Amino acid sequence: MNSDLITHLPPAFILIFGGFILPFFQENAKRILILSLPLLALYQSWNLPAELADHHFSLMGFDVKLLFAHEYSLIFATIFCVMAFTGGLYGLGSASLTESSAAFIYAGGALGIVFSGDLFSFFIYWELMAVASTIIVMCGGSAAARFAGLRYAYIHFIGGVILLSGILAYVTIHGSAEFSSLGSHMDWLLTTSPDSYTIAIWLMLIGILVNAAVFPASAWLPDSYPEASPTGAVFLSAYTTKTTVFTLMVLFAGNGLLIYAGILSIIYGLTYAIVQNDIRRALAYGLISQVGVMLVGIGVGTDAALLAVALVAFGHILYKGLWFMVAGAVIKSTERQGLHELGALWHHHKPLAAIAGIASLAMIAPLTAGFIGKSMLSESLTASDVGVAYYLVTASAACMFLVLFRLFWQIFFEKAPQARATIRPIPLPMYLAMIVMAAIATLPSFPYVYGWLLTFSPAVEQQAVSLSLYSAKHLLAQTEIILFTILAFFVLKPFLKTNSSLLLDIDWCYRVLLKRVLSLALKRIHSHYWHTIQAHIEMGVRHITRGTYKLHGPKGIFSRNWNISITVMWSILLLGVYLVLYYTS
Amino acid sequence: MPAKKKTTISSKNVLQSTKEIQVKRALAPFALVAFILLILDVVYHQQFEIVIWRDVWFYAWFSILSCTLWVAAAYALRFFTKRTEKYYRREAEQA
């Protein structure tokens, strides 16, 4: 076999191909595949040759690069493969076959984007992810999951169409389909007389921001993720938004508009997350706010800020994924996901409580993955002098920790409700996956692993950012945030009481308001124009029937008996004409 | 039939005092940590200065303040969407 073909095999192909062939294997072989494919993709990602730019082919005059290493590709590829492995392990025995296959194709799509070198292959992977993630949401099994999946699909396909329009316009004008920076200045994006190039860039930005769940295109995330199955939600939490973060890092780094988009996401996400009753909905809103933090970093756009964003994304996938795993395990054990129905689970699931504690602390605490990213982002924002955004990012760290600590406390230590849910044991693969994730969440805090992670980014050598993050200043800052947020939680506890009420989001506009407007419009049409429309329809139908009767009726031309000789004569004539044309042309 | 014993302390008072003890117990670790942080502060800066107070304790009061403001914002949101929520719920029930 050609060794060049193996060394240049895109890691995404391993997961996507694996996802497609998974249904054809027996149960044990399937399990081996689920656990080995992500590791194989990880090995392939780490062992890609340096001269990737030479490998491309031409399609319709454009260079297609299925394998291209961007500055932060390896950091994202590593965490995506880790997540595919732990997600696969988590779902062993509980995830359906369709879900497992879709999850691997979804993860493969994310890995494909990370190594895409052109906008066409990027878009194909982007849409592959949209289709696979829709299937994952629908695999939740309930009617609510199916409807949420449909709404998810509508939003993502609309976003996809906008993105494709932008890409096609950009490629036509620019003459190149390279997946690289589109320029960092926002002044030309905000021009009063936009040219077609500016419109193309705007379309691309809007299409991408839909996937980042930036307000007002944000409700799809908390609408769909809580409806997925426990395994499905773990996969969903890791890929769509982080792939979008990576895409924005490549295309729009340094674009000041993203700072405002990030601020909007932080405020929106956390305001909703704090008072949510549904565990996974609270996590989903928290996810939006943390994506907002990453958008602020991308908007700043310095080398230090971008590296910090990559590490924040790395840490975020770990602790948020772990929290989604804990939430899934709680749902599996109690069949409840409302906080008002849960409580005092500490007595039944002590290891799970410990894992949830680690997942909460891993967001920001020293000796965890979150500490590295947060400290570095804080340092880079201070250096860039972004004013209010810095304070908002710091406040969001405290409030996000408040959300996680609230979940932790109310699930495991709050008094149990009157109608107690039946407690079932948690499957072993779920526990194993959570232990692996908890271990990985603390690994990057070790200097050796941390240094090794940084070598994935070539920008590290050039940047002047201080890498000694375990300074007294950072340790004190993060510890104070943790301790005083816990204090704030106990002070504010009466206001954080759980109840089953709904908190309306922007989706009300298209789920309720649009429905009402449409039904009102239809009623108006019915009462005013229906008779005219009906008369026209009747006339049209009568016309068609009369025409059909004329042709196919008892005296119609098509119901006559035709002589065979006439048919043969026409066939000979046509063949003769064909021969004449063939030899004369 | 023996007469019922009269309680000298009302149950409400007992609950109140238990609650106070619980609050004190909850706050004790924080006081200890605050003390440790203060010591660290002194060691780190080697002297007492107003600037130390501002720098080192910034994240403490900032965390509490931001959490309080955010919870208030969330409650304001809940208050303003309450009316619409009723319609939404009715719609869901009808469906």
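Values below: all heavy atoms of this structure, side chains included; hydrogens, waters and symmetry mates excluded. Computed from a prediction, not measured in an experiment: that's the story for all the values here. The sequence lines fix the lettering, A, B, ..., with proteins before strands; numbering per chain opens at 1.
Considering CG of Leu69(B) and CG of Leu270(A), their distance stands at 12.5 Å, rounded to 0.5 Å. To the nearest 0.5 angstrom, Ser63(B) atom OG is 10.0 Å from Phe401(A) atom CZ. Taken to the nearest 0.5 Å, the OG1 atom of Thr68(B) stands 9.5 Å off from the CZ atom of Phe495(A).
Looking at Phe489(A), neither its backbone nor its side chain comes within 4.5 Å of chain B, counting heavy atoms on both sides. Both the backbone and the side chain of Ile481(A) come within contact range of chain B, with heavy atoms under 4.5 Å apart. Proximity to chain B involves both the backbone and the side chain of Leu496(A), based on heavy atoms less than 4.5 angstrom apart.
Residue pairs meeting the side-chain hydrogen bond (donor to acceptor under 3.5 Å, both in side chains) criterion with at least one partner in residues 286-295 of chain A, sequence neighbours excluded, are Gln290(A)-Lys374(A).
A pairwise comparison of heavy atoms in Ala395(A) and Trp70(B) identifies CB-CZ3, 3.9 Å as the closest pair.
With a 4.5 Å cut-off on side-chain heavy atoms, Leu402(A) and Val71(B) count as touching. At a threshold of 4.5 Å between non-hydrogen side-chain atoms, the residues Phe484(A) and Tyr59(B) do not count as touching.
The number of heavy-atom neighbours closer than 6.0 Å to CZ of Phe413(A), taken from other residues, nucleotides and ligands shown, is above 12. Around atom OH of Tyr390(A), more than 12 heavy atoms belonging to other residues, nucleotides or ligands sit under 6.0 Å away.
Per-residue heavy-atom pair counts under 4.5 Å with chain B were compared for Ala477(A), Ala488(A), Ser396(A), and the maximum is reached by Ala477(A).
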